[in-house]
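Down below is the structure, laid out as structure tokens.
Indexing begins at 1, ligand by ligand and atom by atom, following the structure's order.
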Amino acid sequence: MVTPWEVKGEVDYDKLIKEFGTSRINDELVEKISKKAGFMHLFLRRKLFFSHRDLDLILKDFDSGIPFFLYTGRGPSGRTHIGHLVPWIFTKYLQDTFNAKLYFQMTDDEKFLFRDELSLEKTENNSRENALDVIACGFDEKKTKIIYDVENIDFLYRIALKVAKKVTYSTSKAVFGFDNSTNIGLIFFPAVQAAPAFIENERGNDCNCLIPCAIDQDPYWRITRDVAPGLGYRKPGAIHSKFLPGLEGPKGKMSASEESSAIYTTDDEKTVKRKIGSAFTGGQATVEEQKKKGGDSDVCVVFQWLFYLFEEDDKKLEERKRKCKSGELMCGECKKDLNERVWKFLKAHQEKREKAREKLKDFEMK
Ligand code: TRP
């Protein structure tokens, strides 16, 4: 089950492409982006980004002189974890490659409305903390604007109103599963999330919008795309990622509210080690058994993290898999390798995150 607020069970990505009516990112598109960038991003090579809407058209437009800007965002429900960084790291690659402007939306309104336990003060504060992680990803401060919904609603409200007028309650119910017990704030909210996609068109700039995001956000873009032509805006395109699995098992997605399933960007060295140490692997119950039967890298979260993020070398990855399956490699060793790489990455991120405090003002809308 995949909705913007919940991902449960094993995710069948092929099925999502069919059900959502999106397109698979084919080799031609991967080549096109990589050629422009000068290198193929690991997330494309390993198909962590796997699906899109109109990416082909947006790239074609780009070649004929119609630029695009990027739009992505974060629901500030808590601390940032490594899974959140996936679309942001990729967005930075796209910003560099296409010299694109970026709007980054912090939906402190959405998380306040959706989560009973969160106060508005809390989600607004989370927004500012999460913004440090965004900036630490290295975005160009001259081309990037962070929008805090609550504080910056004046940038969005005109557009959100126009969108809201075109979306009926019955559409919203069908797309998001709203019912009679849903608070009315949430019923309006999809118009707020649609709005940044139209900022440039509303200002009279003829350009496309490309939204890098995890696939669970796609329902929003269906509505956004449906209303666009009627409002004189261009339909935004999207490029979708899979979910990085949580440490507790290969199902669902990493959750900011489940402490042990996620590694947060502010975790210290000890905590990272402890969490990876108790990660779900495909290992056997005992070393003897593992030597005899081998492990199962297909269900192993440690292997998946290496596959998607922390082992770029295809040959080394294959070798690791072979040794795991043949019982030569024990889980402890993989965990140790992953731990070293995660901590190296996180340490660097934390330094950039601290430096970001001074830059925060330069990235804000006003
Ligand atoms: N709804 C998203 C979340 O809960 C936040 C968000 C707003 C977003 N605008 C976006 C995510 C655009 C991706 C792209 O995380």
| message | Would you say Val163 ends up clustered with Ile153 if hydrophobic residues are merged whenever their side chains have heavy atoms under 4.5 Å apart, either directly or through other cluster members? | response |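 Result: yes, single cluster for both.
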| task | Enumerate the residue pairs fulfilling side chain to side chain donor-acceptor pair (under 3.5 Å) with a member in residues 148-163, sequence neighbours excluded, ordered by first and then second residue. | result |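 Residue pairs with at least one partner in residues 148-163: Gln105-Asp149, Arg128-Glu151, Tyr148-Glu364, Asp154-Lys366, Lys162-Glu202.
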| NZ/NE/NH1/NH2 to OD/OE distance under 4.0 Å, Asp267 and Arg79 |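 Salt bridge flag = yes for Arg79 with Asp267.
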For a distance cut-off of 3.5 Å, show me each N or O of ligand 1 paired with any protein N or O, plus the separation.
| from | atom 1 | to | atom 2 | distance (Å) |
| --- | --- | --- | --- | --- |
| ligand 1 | 1 (N) | Glu110 | OE1 | 2.9 |
| ligand 1 | 1 (N) | Glu110 | OE2 | 3.3 |
| ligand 1 | 1 (N) | Gln193 | OE1 | 2.8 |
| ligand 1 | 1 (N) | Gln217 | OE1 | 3.0 |
| ligand 1 | 4 (O) | Glu110 | OE1 | 3.4 |
| ligand 1 | 9 (N) | Tyr71 | OH | 2.8 |
| ligand 1 | 9 (N) | Gln105 | OE1 | 3.0 |
| ligand 1 | 15 (O) | Gly75 | N | 2.9 |

| field | Minimum-distance pair of heavy atoms, taken over all atoms of Leu346 and Tyr264 | value |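 Result for this residue pair: CD2-O, 3.6 Å.
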| message | Give me the atom names and distance for the closest heavy-atom approach of Phe307 to Leu42. | response |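 Closest approach of Phe307 to Leu42, heavy atoms only: O-CD2, 4.4 Å.
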| Neighbour count >12 (heavy atoms, 6.0 Å) for atom NZ, Lys325 |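 Yes, the 6.0 Å shell around NZ holds more than 12 heavy atoms from other groups.
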